[in-house]
Amino acid sequence: MVEAEIENDNTDNIRDKVFYENNVLSREFYERDTAIVAKELLGKILIVGELDNFCGGIIVEDEAYYGTNDPASHASNGITPRSRIMFENPGIAYVYFCYGNYYLLNAVTEKFGNPGAVLIRAIEPLFGIQNMMERRKNEKIIELTNGPGKLTMALNIRKEHNGKNLTSIKEGIFMLDTDKFYNDIKLSFSSLAYKLSSFKLINESQIAISPRIGIKKGRKSLLRFYLKNNKFVSRK
DNA sequence: ACCACGATGAACT
DNA sequence: GTTCATCGTGGTC
């Protein structure tokens, strides 16, 4: 059963559409209010790697972090060596080390000079599933990317990705505007052995909102967003 | 120079 | 449901 799933990872069929610059989310997408960006990133596709070797999946859970008025944010105390990146250009990656073991991926938001970032908490695997299984040392698809530290391990996101430009295919990490090639990718994955739970155009009624996870301050804000009934969401 | 703690995951019960 | 390994970061002294 696992073997069948690997064989049907039909990355080859859609390679050119994935690495098509016009399908990548632009800087303007990120240069907006962080909660709006977080909400709209649901259903979009995260890709890591090069044309001949890449992996990725559908974003199904994320969280918004602001600056001065958000005690849970790394930017709450202003610019430090770590938080500096959150004040820079929207559409770049903020990757930081957590709990002595894990790298966590964020997308920087808001206008230059205003801090903001969206933490990517879970994706639904689409491409490079075999590589993900090897990196995670786990053959269960459900366990590959259903958490912020898990997905960075599965996709091989490390501190070198910090500051990379997410709005171009050139730096090996980017986000795709699913709406632009929805029909292509839907067709390409119609024979996937495991059942895709998120591959549909996202509307408001499919999105759930909750407090953020794993923080002690700022718990009252409803800044976590996830797709209802998606089995790759880290926690209910 | 020091030190408390965390945007976690894995392995338990 | 529980505990805990692990170490970079940043605030404090």
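We name chains A, B, ... by the order of the sequence lines, and we start the count at 1 in each one.
- Residue A:R212 is out of contact with every strand shown, counting any heavy-atom pair closer than 4.0 Å.
- Taking atom NZ on A:K217 and atom P on C:dG10, their separation rounds to 13 Å, with Å as the unit.
- Distance from the side chain of A:N101 is smallest to C:dT6 among C:dG10, C:dT6, B:dG9.
- By the 4.5 Å heavy-atom criterion applied to side chains, A:N23 and A:I45 are not counted as neighbours.
- Distances shorter than 4.0 Å separate some side-chain N or O of A:H74 from OP1 or OP2 on B:dA7.
- One finds no side-chain N or O of A:R224 lying less than 4.0 angstrom from the OP1 or OP2 phosphate oxygen of B:dA7.
- A:L105 has its CG atom 12 Å from the C1' atom of B:dA7, to the nearest Å.
- Side-chain nitrogen and oxygen atoms of A:R82 include none within less than 4.0 Å of the OP1 or OP2 phosphate oxygen of C:dG8.
- The side chain of A:K150 sits closest to B:dA10 out of B:dA7, C:dC7, B:dA10.
- Between A:N138 atom CG and B:dA10 atom C1' there is a gap of 11 Å when expressed in whole angstrom units.
- Linking ILVMFWY side-chain heavy atoms closer than 4.5 Å, directly or via other members, places A:I92 and A:V95 in two distinct hydrophobic clusters.
- Distances from the side chain of A:R136 to the nucleotides B:dT8, C:dC7, B:dA10 place B:dA10 closest.
- Using a 4.0 Å heavy-atom criterion, one finds that A:N77 contacts the sugar-phosphate atoms exclusively.
- The A:Y99 side chain lies nearest to B:dT8 when the options are C:dG11, B:dT8, B:dG9.
- Residue A:Y102 is in base contact, counting any heavy-atom pair closer than 4.0 Å across all strands shown.
- By the 30° and 60° cut-offs, the orientation of the rings of A:Y96 relative to A:H74 is perpendicular.
- Between B:dC5 and A:K216, no contact under 4.0 Å exists linking OP1 or OP2 to a side-chain N or O.
- Pairing of B:dA4, defined by two Watson-Crick or G-U wobble distances under 3.5 Å, is identified with C:dT9.
- Aromatic ring centroids of A:Y226 and A:F232 lie 6.0 Å or more apart.
- As judged by a 4.0 angstrom heavy-atom cut-off over every strand, A:R219 is placed among residues making no nucleic acid contact.
- Taking the six-membered ring for Trp and the full ring otherwise, A:Y20 and A:F181 have centroids separated by 6.0 Å or more.
- The side chain of A:R84 contributes no N or O atom lying less than 4.0 Å from OP1 or OP2 of C:dT9.
- Comparing B:dA10, B:dA7, C:dG11 by their nearest atom to the side chain of A:E143 picks out B:dA10.
- Among the protein residues, A:S83 comes within range of the sugar-phosphate backbone only, with heavy atoms under 4.0 Å from sugar or phosphate atoms but none that close to a base.
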